[in-house]
Visitor: 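Structure below; questions to follow.
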Amino acid sequence: MGRMTHVLTALAWPYANGPRHIGHVAGFGVPADVFARYMRMRGHDVLMVSGTDEHGTPILVQADSEGLTAAEAAAKYNRIIVEDLDALGLSYDLFTRTTTGNHYQTVQELFTTLYGNGYILQKKTLGAISPSTGRTLPDRYIEGTCPHCGFDSARGDQCDNCGRQLDPTDLIDPKSRINGETPKFVEEDHFFLDLPAFADALNAWLDTRTGWRTNVLRFTKNLLDEMHPRPISRDLDWGVPIPLEGWVDRPDKRLYVWFDAVIGYLSATIEWARRSGDPEAWKRWWQDPEAVSYYFMGKDNIVFHSEIWPAMLLGANGEGAGGGEPGALGKLNLPTEVVSSEFLTMEGKQFSSSRRVVIYVRDFLERYSPDALRYYICAAGPENQDSDFTWAEFLRRNNDELVAGWGNLVNRSIAMAAKNFGAVPEPGELEDVDRELLAATRTAFDTVGDLIGANKVRAGIGEAMKAVAAANKYLADTAPWKMKEDPKRQGTVLYTVLQAVSDLKTIMSPFLPHSSQRVHELLGGEGVFAPMPYIEEVADLDEGGATDGPYPILTGDYSDVPKWESVPLVPGTVLEKPTPVFTKLEPSIVDEEIERLNA
RNA sequence: GGGGCAGUAGCUCAGCUGGUUAGAGCAGGGGACUCAUAAUCCCUGGGUCGCGGGUUCAAGUCCUGCCUGCCCUACCA
């Protein structure tokens, strides 16, 4: 990557049918934020965008169950999710929604371009609808008796008992899981994205990809062996209208939620640009061939980001088998890398809101600090394989690593300097041990930085913690508390360890921004060290969406971030006796939390 | 049914294109120190690398079969 590059950091769009749990933020939020924060510190022009995904049947189902309209339910959960992501310190440039007028326009623009280039087919299909509402009933919401094994609550797409894939019309005595009525199977007109037309172009593109996690690449290549046209419309009254004559005014036809949701990356960038006062600014991330884009998500979303979204972009660029011309948005960049995480499980079980195997972000942050959660996710998250969250492990990671390692280093070194000098001491001649410690933390900038850049967050924070251990060892070896009779040497040692702490707070800041800010202040620093996002209430920029009034966006000013480098401490800077940066937890929380889960 | 990933010390995990006695952190045991949220530092025991075949001078690492878990298979990261 060159000196200054435009880096789009695109995070999966949380679905707004409920609060998000810690598995969600482990999958897309924290890893992406670490990456974005680091890239900014390296001087790149980062844009981090996402928003809530608010269309589709599950929103309608949730709204019905709460006696709300879809727009009300979406707004409610949008706000909750925004507050949670803010509390975690995820440094979005814009976190918006898919119900904005701007999003509707962008989606329709892309549809129109794809349609004009001939990549959208119209076909008749047999689909299930709910007789009482006229809405499409997704296969998953239909249950009945499995024709193969007789299991009586097989779903329309698959039998959970025998594992066979089903067609809902195969089910004996099908019923809606939403209200128990018998679905009606009707012949409907729908639009399809002509995925097979992109097989060659996608293969060629994938062959140019480097650095992807092997499982993501392998999975994607496998998908390309068998591609079918994919429906992009539904019989629903909630979603983006289809921008074709004879369709756009129909209240019962909408674009399928996945089609509009992936376009959010583009529409959110455009919204950000318009709000920034430079409406053309979005092009720097989407049209500049030198710009790069990293997409973060959980593994269940790989197909949308590595196959379908690139296919849509190719189609809009006129680069599928049928050719064509770029539309009004010009020629758009395909993803540089699709960074997919695996899944976090919870005490050995899969997260499930309905079975109450869940820890919501909000509940977690009511009792524990955001950096405690961020540390756990960075150090033990599901990066390359599923990982299990247990409260016992959380306790251990927090107390034995974060508090006893990094927190203790900060506390002991600043406390000693404050007590003996009241300031950053003036160093004398450095000895070999001193130089070795400083060299070790300087080296950590490179090793940790390279790992973050390669999206190896676990290894990255592990290396950072090794540097922490080296500083603790340095103190054990030099024992400055025994140097009362030699204040000059004591000052040199304390200066050295404080410089190491200062470097480490910089290195830690992508992972643990809240506590790095605290360490910055404990070292006598002023101003913002690790910038935080904030919530702003805004009005929709355009008519025609479904936002239902002002809504909260998450944004921030990250223009003045510190550089990813060692900054010399200034001797004489006043130091106060520090208060602990991290909270040590009582072992009893393990039982309390497990009790809470079972309550 | 099809496909992907994983199965390495008590626990959580590293082990890239196969190559000397398989590594780390934590937990356990022993010791040192006292600046610090009893934190820190040093030493230390512990593994038939899921199971069975095969390729090779050589396999945790490649091939094959099986077992187990997770995920995708057209709307939950």
Side-chain angles (χ1 to χ4, degrees), chain A residues 11-15 17-18 20-29 53 55-59 136 138-141 148 157-158 162-165 195 213-216 218-223 225-226 228-232 234 256-259 261 296-304 308 340-345 348 350-354 379-380 382-388 390 392-393 396-397 399-401 403-405 407-417 419-420 458-459 462 465-466 469 472-477 479-483 494 497 578-584:
Chain A
L11 283 71
W13 290 54
Y15 199 62
N17 67 337
R20 296 298 90 183
H21 55 66
I22 60 171
H24 290 110
V25 294
F28 67 82
D53 176 6
H55 295 128
T57 304
I59 300 279
T136 292
D139 295 350
R140 292 189 173 195
Y141 283 97
H148 301 289
D157 55 345
Q158 184 176 339
C162 66
R164 278 178 223 258
Q165 195 171 349
L195 283 177
R213 292 176 185 165
T214 50
N215 56 338
V216 179
R218 213 168 300 174
F219 180 80
T220 306
K221 289 205 163 160
N222 211 282
L223 287 172
D225 292 344
E226 201 182 343
H228 307 288
R230 193 165 171 132
I232 60 171
R234 298 278 85 176
Y256 210 151
V257 59
W258 68 259
F259 182 83
F296 294 81
M297 75 221 64
K299 62 180 164 184
D300 56 338
N301 254 342
I302 294 174
V303 61
F304 291 103
I308 295 173
S340 168
S341 72
E342 303 293 305
F343 275 33
L344 192 70
T345 56
Q350 198 182 151
F351 274 95
S352 162
S353 298
S354 53
E383 195 166 285
N384 287 308
Q385 55 185 286
D386 292 352
S387 74
D388 192 30
T390 65
E393 181 72 358
R396 189 191 73 69
R397 293 269 183 188
N399 286 1
D400 298 347
E401 296 181 13
V403 175
N408 183 43
L409 173 67
V410 170
N411 207 40
R412 68 194 302 206
S413 54
I414 298 177
M416 224 181 312
K419 186 173 154 197
N420 291 291
R458 288 177 69 129
M465 290 302 282
K466 275 188 193 166
N472 272 321
K473 177 171 162 49
Y474 169 83
L475 283 180
D477 291 345
W481 51 88
K482 287 182 178 168
M483 296 176 177
L494 290 176
V497 76
T579 52
V581 174
F582 301 104
T583 307
K584 182 164 179 169

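Letters go in sequence order (proteins before strands), and every chain restarts at 1.
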Visitor: Counting side-chain heavy atoms from CB outward, which of C76(B), U34(B), C42(B) is closest to Arg20(A)?
Guide: C76(B)
Visitor: Pick the C1' atom in G25(B) and in U40(B), then give their distance to the nearest Å.
Guide: 16 Å
Visitor: Measure from the side chain of His228(A), starting at C-beta and using heavy atoms only, and say which of C41(B), A74(B), A36(B) lies closest.
Guide: A74(B)
Visitor: Determine, for Glu383(A) against Arg458(A), whether the closest basic-nitrogen to carboxylate-oxygen distance falls under 4.0 angstrom.
Guide: no
Visitor: When you check every protein heavy atom under 4.0 Å of nucleotides 6-12 of chain B, what one-letter string (B, S, -) results, 5' to 3'?
Guide: S-----S
Visitor: For RNA chain B, whose closest nucleotide is more 5', that of Phe582(A) or that of Thr345(A)?
Guide: Phe582(A)
Visitor: Would you mind reporting whether Phe219(A) and Lys299(A) have side-chain heavy atoms less than 4.5 Å apart?
Guide: no
Visitor: Which is true for Ala469(A) with a 4.0 Å heavy-atom rule: it touches a base, it touches only sugar-phosphate, or it touches nothing?
Guide: sugar-phosphate
Visitor: Take atom C1' in G50(B) and the same atom in C57(B), then report the distance between them in whole Å.
Guide: 28 Å
Visitor: Send over the distance from Leu223(A) CG to G3(B) P, rounded to a whole Å.
Guide: 13 Å
Visitor: Grab the CD-P distance between Glu401(A) and A24(B) for me, whole Å please.
Guide: 16 Å
Visitor: What's Phe296(A) touching, base or sugar-phosphate or nothing? Going by heavy atoms closer than 4.0 Å.
Guide: nothing
Visitor: Which nucleotide wins on minimum distance to the side chain of Lys299(A), given the candidates G4(B), C76(B), U34(B)?
Guide: G4(B)
Visitor: Calculate the interatomic distance between Asn301(A) atom CG and C72(B) atom C1'; express it in whole Å.
Guide: 11 Å
Visitor: Mind checking if Pro58(A) touches a base, just sugar-phosphate, or nothing, with heavy atoms under 4.0 Å?
Guide: base
Visitor: Roughly how far apart, to the nearest Å, are U12(B) and A74(B) at atom P?
Guide: 33 Å
Visitor: Within the 4.0 Å heavy-atom criterion, would you say Phe343(A) contacts the bases, only the backbone, or no part of the nucleic acid?
Guide: base
Visitor: What residues form a ring-ring contact (aromatic ring centres under 6.0 Å, His included) with His21(A), not counting sequence neighbours?
Guide: His24(A), Phe351(A)
Visitor: What interatomic distance, in whole Å, is found between P of U55(B) and the corresponding atom of U8(B)?
Guide: 27 Å
Visitor: From the list G4(B), G25(B), U37(B), which nucleotide is the closest neighbour of the side chain of Lys584(A)?
Guide: U37(B)
Visitor: Among C41(B), U37(B), C70(B), which nucleotide has an atom closest to any side-chain atom of Ala476(A)?
Guide: C41(B)
Visitor: Drop me the distance from Asn411(A)'s CG to Met416(A)'s CE, to the nearest 0.5 angstrom.
Guide: 10.0 Å
Visitor: Rounded to the Å, how far apart are Asp477(A) CG and C35(B) C1'?
Guide: 15 Å
Visitor: Considering only the C1' atoms, how many Å lie between U64(B) and U20(B), rounded to the nearest integer?
Guide: 29 Å
Visitor: When you measure from the side chain of Asn408(A), which nucleotide among C35(B), A39(B), A74(B) comes out closest?
Guide: A39(B)
Visitor: In whole Å, what is the span from the CD1 atom of Ile232(A) to the C1' atom of A74(B)?
Guide: 13 Å
Visitor: Evaluate whether atom NZ of Lys466(A) has more than 12 neighbouring non-hydrogen atoms of other residues, nucleotides or ligands under 6.0 angstrom away.
Guide: no
Visitor: Please classify the nucleic acid contact of Val497(A) as base, sugar-phosphate, or nothing, using heavy-atom distances under 4.0 Å.
Guide: nothing
Visitor: What nucleotide among U37(B), C70(B), G3(B) has an atom nearest to a side-chain atom of Phe219(A)?
Guide: G3(B)
Visitor: Quick one, Phe28(A) and Ser341(A) - any side-chain contact, counting heavy atoms below 4.5 Å?
Guide: no
Visitor: Ile302(A) CD1 to C72(B) P: how many Å, rounded?
Guide: 10 Å
Visitor: Roughly how far, to the nearest 0.5 Å, is the CG atom of Asn472(A) from the CG atom of Leu409(A)?
Guide: 4.5 Å
Visitor: If you only use heavy atoms from C-beta on, which nucleotide in U37(B), C70(B), C5(B) is closest to the side chain of Glu342(A)?
Guide: C5(B)
Visitor: So what does Lys482(A) hit on the nucleic acid, given a heavy-atom distance under 4.0 Å: a base, only sugar-phosphate, or nothing?
Guide: sugar-phosphate
Visitor: Assign Pro229(A) to base, sugar-phosphate, or nothing according to its heavy-atom contacts below 4.0 angstrom with the strands shown.
Guide: base
Visitor: Please state how far atom CZ in Arg412(A) lies from atom P in C35(B), giving the value in whole angstrom units.
Guide: 11 Å
Visitor: Please, what dot-bracket string fits RNA chain B when only Watson-Crick and G-U pairs with both distances under 3.5 Å count, crossing ones use [ ] and pairs to another strand use |?
Guide: (((((((..((((.....[...)))).(((((.......))))).....(((((..]....))))))))))))....
Visitor: Could you give the CG-to-P distance, from Leu344(A) to G69(B), as a whole number of Å?
Guide: 20 Å
Visitor: Can you tell me, in whole Å, how much space there is between the P of A6(B) and that of G10(B)?
Guide: 22 Å
Visitor: Heavy atoms, side chains only, cut-off 4.5 Å: are Ser387(A) and Phe343(A) in contact?
Guide: no
Visitor: What integer number of Å spans the C1' atoms of A27(B) and G46(B)?
Guide: 12 Å
Visitor: For C42(B) versus C26(B), give the span between their P atoms, rounded off to a whole number of Å.
Guide: 10 Å
Visitor: Any side-chain heavy-atom pair from His228(A) and Leu195(A) closer than 4.5 angstrom?
Guide: no
Visitor: More 5' along RNA chain B: Met416(A) or Phe304(A), using each one's nearest nucleotide?
Guide: Met416(A)
Visitor: Got a donor-acceptor contact below 3.5 angstrom from the Tyr15(A) side chain to the His55(A) backbone?
Guide: yes
Visitor: Is there a side-chain contact between Leu344(A) and Ile22(A) (heavy atoms, below 4.5 Å)?
Guide: yes
Visitor: Should the pair Arg412(A) and Trp481(A) be classed as cation-pi, given the thresholds of under 6.0 Å to the six-membered ring centre and 45° from the axis?
Guide: no
